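All of these numbers come straight from a predicted model, not from anything done at the bench.
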Amino acid sequence: MSKKILIIGGVAGGASAAARARRLDEQAEIIMFERGSFVSFANCGLPYHIGGDIEDRSKLILQTPESFLARFNVDVRVRHEVLTINKEQKTVTVNNRLDGSEYTESYDFLLLSPGAGPIVPPIPGIDNPITHSLRNIPDMDRILDTIKTNSVEHATVVGGGFIGLEMMEAFHQRGIKTTLLELADQVMAPVDREIAGFAHAEIRSHGIDLRLGQALSAVEYVPETHIASFDSGESTNHQHIYGHLNLSLSNGESLKTDILIMAIGVRPETTLASAAGLKIGELGGIWTKPTMQTSDPFIYAVGDAIEETDFVTGKQTIVPLAGPANRQGRMAANNMFGRQETYQGTQGTAICKIFDLAVGATGKNEKQLKREGIEFEKVYVHTASHASYYPGSEIVSFKLLFDPQTGKILGAQAAGKDGVDKRIDIMAVAQRAGMTVEQLQHLELTYAPPYGSAKDVINQAAFVACNIIKGDAMPIHYDEIDNLSDQQILLDVRNPDELQNEGYIAGAINIPVDELRQRMGELPKDKEIVIYCQVGLRGNVAYRQLVNNGYTAYNLIGGYRTYKFSKI
């Protein structure tokens with residue numbers, strides 16, 4: 001007897017599940033409900049259409065109800081909203097938003113893929129015609145309409161996450177002056193503050209008004225009437241009432257803007273699941289088993305609405321990313337047809353384009369490890385994306401987090417203009433494979449001058465990490481430098497011209513590394529020598545010279561470059 005499968009939500013996880021279910025069973029009855037007007041659209045591409053990178057709007061629509069029916073024989077019902085789920089009778093009540101009618105549909109298996117909705121805090125005045133969030137194609141169309149009809153000259157984006165950063169860049173590409181507000185002291189929460197510093201520098205270099213540590217406290221909408229004339233044989237006037245906003249900020253300042261984008265985060269859509277009596281997790285997402293089943297064995301849930309297992313900690317987490325959602329949808333369909341596959345956890349591997357810069361991460365960041373009470377050590381390297389003597393190489397700034405006892409990989413982050421995606425993808429695979437930093441030393445990665453280096457960024461980070469584990473290096477980190485004691489001396493081993501061109505840390509003694517052997521006697525042996533260079537490499541050379549001559553020393557991991565960008 002063929003199965004009847006109902007799917008709620010037609011994007012990412014829902015669409016993947018529908019396609020996979022049909023490939024597994026040609027006879028199954030598959031119905032997909034989407035309360036919006038579009039299914040299987042590229043929501044990650046929406047900001048890039050607004051900015052003009054994706055010119056053709058139709059490119060964002062991956063499938064239509066008609067194409068889904070033709071290719072997969074799936075009955076896709078757009079503008080149909082599921083109102084209730086009856087677990088006992090295994091039915092759902094559906095509202096046809098096209099004509100207002102309601103009907104009931106039975107199921108053998110039900111899949112929930114409702115996604116997550118934007119968080120819009122209860123800020124006074126926030127409900128107005130030129131304040132938007134971005135979740136779907138109609139949201140995108142409304143933003144474009146406001147830009148066109150309101151003659152937008154200034155935009156404000158609230159939130160420095162992926163959508164906020166992408167919308168910031170989209171406005172900039174359209175020649176619109178832009179302010180980015182972020183309550184935290186950094187953008188892009190998946191990375192740590194010192195890696196985010198590279199993003200801050202890139203954002204400000206493009207003239208963006210970046211305001212960290214500031215929140216939006218109130219909005220005043222000032223309506224204005226715009227009259228536009230179009231000559232199409234006879235004069236026609238079109239009146240648009242939009243206007244501008246006066247924004248009140250948490251620091252007491254005010255800001256005038258023509259469009260406001262709220263991008264402070266998303267919240268799992270659990271209304272339907274909660275009303276049906278399905279278990280909701282402690283973090284606020286739909287609780288799921290590793291099989292993607294909810295607390296009801298005939299109901300599965302996937303995507304941004306669910307709580308899933310964190311790959312590193314084994315605890316529940318919420319990670320609203322498209323990759324996990326698509327894999328979960330496929331797995332849920334497999335298990336509906338008798339397979340016993342289990343989800344292996346989410347690493348949170350992600351990357352963001354910020355103008356010419358890429359910033360990526362996988363696994364846990366330092367903030368999260370501290371919250372979880374997990375012991376860790378960290379290293380930084382700043383080295384060329386490919387052989388530095390071949391044209392076009394860029395610096396990759398790379399952070400590796402690991403267990404100082406076992407060498408287990410806990411997380412990795414990177415920022416740079418070339419090769420960031422490659423390194424983060426390698427680290428995501430290495431972490432999932434259970435590799436240690438000792439094993440990372442032996443990774444054999446492609447090398448030719450246009451593509452890489454004989455010692456890749458990852459190899460070099462592993463060398464530094466293994467030096468620390470084996471006791472061949474004694475690390476000190478950028479966040480300890482401003483709190484040195486009277487028993488510590490700061491030693492800058494760069495060349496004098498670098499101090500002038502790159503900057504320096506106040507109070508440091510300057511002895512270039514190539515002069516250190518001859519001038520070592522200038523340093524007291526009864527104090528600890530804290531060494532730094534530009535990126536840490538020469539610092540390690542100086543460190544080995546000093547400790548081999550009876551000094552107590554530390555090397556600033558990542559050097560002055562890490563210290564400098566942690567302040568931006």
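In this structure, R423 and I458 approach most closely via the heavy-atom pair O-CD1, 3.6 Å. For the residue pair M168 and V157, the shortest heavy atom distance occurs at N-CG2, 4.2 Å. Minimum heavy-atom separation, A415 to V420: C-CG2, 3.6 Å. Taking both residues in full, the closest heavy atoms of Q431 and G411 are given as NE2-N, 3.8 Å, listed atom of the first, atom of the second, then distance.
Looking at T309, its side chain never comes within 3.5 Å of a backbone N or O of G345 through a donor-acceptor pair. In this structure, the side chain of E394 does not engage the main chain of G416 through any donor-acceptor pair within 3.5 Å. Using a distance-only test at 3.5 Å, with no hydrogens or angles considered, no donor-acceptor pair links the side chain of S397 to the main chain of I395. Of the possible polar contacts, none joining the T131 side chain to the N128 backbone as a donor-acceptor pair under 3.5 Å is found. Formation of a donor-acceptor pair under 3.5 Å by the Q413 side chain with backbone atoms of V359 is not found in this model. Remark: side-chain polar atoms of Q368 are paired, donor with acceptor, to backbone N or O of N365 under 3.5 angstrom. In this structure, T93 contributes its side chain and Y103 its backbone to no donor-acceptor pair below 3.5 Å. Judged by distance alone, the side chain of H172 and the main-chain N or O of I208 form no donor-acceptor pair under 3.5 Å. Put simply, the side chain of H80 never gets that close to the backbone of N96: no donor and acceptor are under 3.5 Å apart. Proximity of a side-chain donor or acceptor of Q328 to a complementary backbone N or O of G303 within less than 3.5 Å is detected.
At a threshold of 4.0 Å, the pair K378-D192 does not count as salt-bridged, since none of the basic side-chain nitrogens sits closer than that to a carboxylate oxygen. Between E169 and K353 there is a salt bridge, since at least one side-chain N of the basic residue sits less than 4.0 Å from a carboxylate O of the acidic one.
Contacts of T406 classified as side-chain contact (heavy atoms from CB on, under 4.5 Å), with partners at least two apart in sequence or in another chain: D403, K408. Listed by chain and number, the residues in a side-chain contact (heavy atoms from CB on, under 4.5 Å) with S106 are K4, T91 (sequence neighbours excluded). Residues satisfying the side-chain contact (heavy atoms from CB on, under 4.5 Å) criterion with N326, sequence neighbours excluded, are A12, S16, A322. Evaluation of the side-chain hydrogen bond (donor to acceptor under 3.5 Å, both in side chains) rule for R23 yields no partner, not counting sequence neighbours. Listed by chain and residue number, nothing satisfies the side-chain hydrogen bond (donor to acceptor under 3.5 Å, both in side chains) test with D108 (two or more places apart in sequence, or in another chain). Remark: H386 pairs with Y390, S393, D418 by the side-chain contact (heavy atoms from CB on, under 4.5 Å) rule, at least two apart or across chains.
Residues V219 and I123 meet the side-chain proximity criterion, which asks for heavy atoms closer than 4.5 Å. At least one side-chain heavy atom of V302 sits under 4.5 Å from a side-chain heavy atom of L111.
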Please tabulate, for side-chain N and O atoms in residues 26-46, each donor-acceptor pair with protein atoms closer than 3.5 Å (sequence neighbours left out).
unit_1 : atom_1 : unit_2 : atom_2 : d
E34    : OE1    : G10    : N      : 2.9
E34    : OE2    : G36    : N      : 2.9

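Pairs engaging residues 282-300 under the salt bridge (charged side-chain N to carboxylate O under 4.0 Å, His left out) rule: none recorded [sequence neighbours left out]. The list of salt bridge (charged side-chain N to carboxylate O under 4.0 Å, His left out) pairs with a residue in residues 87-97, not counting sequence neighbours, is empty. Applying the ring pair (Phe, Tyr, Trp, His ring centres under 6.0 Å) rule to pairs touching residues 304-349 yields nothing, sequence neighbours excluded. Screening residues 311-321 for salt bridge (charged side-chain N to carboxylate O under 4.0 Å, His left out), with sequence neighbours left out, gives K315-E372. Listed by first and then second residue, the salt bridge (charged side-chain N to carboxylate O under 4.0 Å, His left out) pairs that reach into residues 42-63 are R57-D141, sequence neighbours excluded.
Considering K399, R371, R193 as possible partners of E366, the one that fulfils the salt bridge (Lys or Arg N to Asp or Glu O under 4.0 Å) test is K399.
Interatomic distance, I163 CD1 to L134 CG, rounded to the nearest 0.5 Å: 6.0 Å. The distance from the CE atom of M427 to the OG1 atom of T362 is 8.0 Å, given to the nearest 0.5 Å.
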